[in-house]
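First comes the structure, then the notes that go with it.
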Amino acid sequence: MDFNDTKDEAAFRAEVKAWLAAHAPKHAISPGQVLSDKEQVARGKAWQREKYDGGYAGITLPRTLGGRGGTIIEAVVFDEEEGRYHLPKGPYIGIGLGMALPVIGKHGTPQQIEKFVDATLKGELTWCQLFSEPSAGSDLAAVRTRAVKDGDDWVVNGQKVWSSWAHHSDWGILVVRTDPGVVKHKGLTFFVVDMKSPGIEVRPIRQISGASDFNETFLTDVRIPETDMIGGVGEGWACCMTVLMGERLNQGEEGKIASLMDYAADTPAGAGTQLDDASVKLSLATAYAEEQAQNYLQARLRTMVSRGESPGALAAMMKLSYASRLQKTSALAMEIRGAGALAIEADDSVTGEIWHDYIWASALRIAGGADEVLRNQIAERVLGMPGEMRADKGVPFSELK
């Protein structure tokens, strides 16, 4: 596989660079600038609208869905060039584009596509993911939140947890149990839910960083109209897999190690800098090799998708490698800075971001599939190793203890 730009890709990259140079700076977050949650969301929506007006929102979505109808490689090129600017691109935008739109586009009705896709691409709607529960984290199929049919509505009761940015979201993607009398994977149904619906209570969780990105979400007699069901009754697991596939394939950031090299060169050590230290050079070289390997794997998997092939459990390798690598490289950066990484100066925004990445990586190694679960998937479905013993296989959910 040739990873250099083709003639057409090089032309697209030049087009993107010129457009970003003209539009991105006014949306970029200044070094050291601290934004409130509401300011981040507002600026994220504004930047998404800018991309929509410029024709760069939903690059791979077909034109019939309001996208550009571009290729996977064009999306990668845009992400690479966009990543050179410090732009407001948090989960409040990413969940809608990377999770909600793929599942609505694949499993939704024409009416649902018309209602949600364009508004999300414009940045008018933000989304959260209502999947994990206190007793169903790594084992997503064990969700206990129930939905019962009542006329033209479904009445939902239960609790979700670790709902990123749910306290600032307009809509949520929700998986619930509608039939406890069948095996756990078969009794799930998928909905979109208006987060302003009566009966929804969102409680932010204070994290070790002092931020509150995650939430507990309680649903008490929440009425969801039948028209907001995605797919059919009992098709929730297939919808969840569409969501998680997109989430795992989009893991990764370009250029982290190049920035880390600059960081080492800016950190004094003895008569020179940390970049003069042989052990630091070796660690950076190892980290660079791992970053390149992940980039190539990501390109291969995205190429598979562009050909209409499903990466399956191979996508788990992307998420597994990225989360662990983020933690390792953030730890390396903190070691390079030394005590300054723990007692951060007020004007040292770069070290502040590294500190945040290190803490966030601990959560990322659980969110979207814990390391241990992903390793099991890779071992069984990629390497063909024997599966683990499952006491719940073939047992109706209502009979599980």
Side-chain angles (χ1 to χ4, degrees), residues 4-102 105 116-127 165 168-171 246 249-256 258-259 262 295 298-299 302 306 349-350 352-353 356-357:
N4 295 313
D5 288 345
T6 65
K7 182 179 179 180
D8 288 343
E9 290 161 3
F12 179 72
R13 189 182 294 275
E15 171 196 320
V16 168
K17 281 185 175 180
W19 186 85
L20 287 169
H23 296 86
K26 66 181 180 182
H27 294 277
I29 300 171
S30 304
Q33 185 178 14
V34 179
L35 301 178
S36 68
D37 286 356
K38 289 185 177 180
E39 288 172 327
Q40 288 188 58
V41 173
R43 291 183 61 166
K45 286 184 171 183
W47 173 236
Q48 183 60 29
R49 180 59 193 242
E50 186 87 52
K51 290 195 291 185
Y52 179 89
D53 291 340
Y56 296 105
I59 289 177
T60 59
L61 279 180
R63 294 183 184 277
T64 54
L65 293 181
R68 186 184 178 94
T71 66
I72 292 286
I73 300 304
E74 286 177 338
V76 172
V77 168
F78 188 89
D79 288 346
E80 289 175 354
E81 297 303 325
E82 187 184 28
R84 303 181 191 279
Y85 298 86
H86 187 23
L87 293 160
K89 290 177 53 188
Y92 39 88
I93 298 296
I95 290 174
L97 299 179
M99 299 184 192
L101 291 195
F116 295 112
V117 173
D118 195 59
T120 301
L121 287 174
K122 288 179 178 177
E124 294 173 356
L125 296 181
T126 56
W127 293 79
W165 288 79
H168 294 291
S169 296
D170 301 307
W171 284 78
L249 279 180
N250 289 317
Q251 297 281 355
E253 292 184 52
E254 292 285 339
K256 275 282 186 183
S259 299
D262 293 339
N295 291 343
Q298 186 175 50
R302 285 176 166 174
S306 70
S349 60
V350 176
E353 289 180 15
H356 177 273
D357 283 351

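Residue numbers count from 1 along this sequence.
- Within the model, atoms CG of L65 and OG1 of T60 stand 10.0 Å from one another, a figure rounded to the nearest 0.5 Å.
- With rounding to the nearest 0.5 Å, the separation of CD1 in I29 from CG in L35 is 5.0 Å.
- Judged by distance alone, the side chain of T120 and the main-chain N or O of G96 form no donor-acceptor pair under 3.5 Å.
- Listed by chain and residue number, T6 satisfy the side-chain contact (heavy atoms from CB on, under 4.5 Å) test with D8 (two or more places apart in sequence, or in another chain).
- Counting only heavy atoms from C-beta outward, the side chains of L121 and L61 approach each other to under 4.5 Å.
- Applying the salt bridge (Lys or Arg N to Asp or Glu O under 4.0 Å) rule to pairs touching residues 83-101 yields E81-R84, E82-K89, sequence neighbours excluded.
- With sequence neighbours excluded, no residue forms a side-chain contact (heavy atoms from CB on, under 4.5 Å) with K7.
- A ring-centre distance under 6.0 Å is not found for Y92 and W127.
- For R43, there are no salt bridge (Lys or Arg N to Asp or Glu O under 4.0 Å) partners at least two apart in sequence or on another chain.
- With sequence neighbours left out, S169 forms a side chain to side chain donor-acceptor pair (under 3.5 Å) with no residue at all.
- If you take NZ on K51 and CG on L87, they are separated by 8.0 Å, rounding to the nearest 0.5 Å.
- Under the side-chain contact (heavy atoms from CB on, under 4.5 Å) criterion, T64 pairs with P62, sequence neighbours left out.
- Judged as a salt bridge (Lys or Arg N to Asp or Glu O under 4.0 Å), and not counting sequence neighbours, the contacts of D53 are R49.
- Legend: residues meeting salt bridge (Lys or Arg N to Asp or Glu O under 4.0 Å) with E39, ordered by chain and number and at least two apart, are absent.
- Residues A57 and Q48 share a closest heavy-atom pair of CB-NE2, 3.4 Å.
- Residues passing the side-chain contact (heavy atoms from CB on, under 4.5 Å) test with E74, sequence neighbours excluded: F12, I59, T71.
- To the nearest 0.5 Å, the span separating NZ on K45 from CD on E124 amounts to 8.5 Å.
- The stretch residues 63-88 participates, sequence neighbours left out, in these ring-ring contact (aromatic ring centres under 6.0 Å, His included) pairs: Y56-F78.
- For T126 (side chain) and H168 (main-chain N/O), a donor-acceptor pair under 3.5 Å exists by modelled atom type.
- The side chain to side chain donor-acceptor pair (under 3.5 Å) check on W171 picks up nothing, with sequence neighbours excluded.
- Counting all heavy atoms, side chain and backbone alike, D118 lies closest to Y52 at OD1-OH, 2.6 Å.
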N/O donor-acceptor pairs under 3.5 Å from side chains in residues 17-24, not counting sequence neighbours:
| unit_1 | atom_1 | unit_2 | atom_2 | d |
| --- | --- | --- | --- | --- |
| W19 | NE1 | H23 | ND1 | 3.3 |
| H23 | ND1 | W19 | O | 2.9 |

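- Rounding to the nearest 0.5 Å places CG of L125 at 10.0 Å from CD1 of I93.
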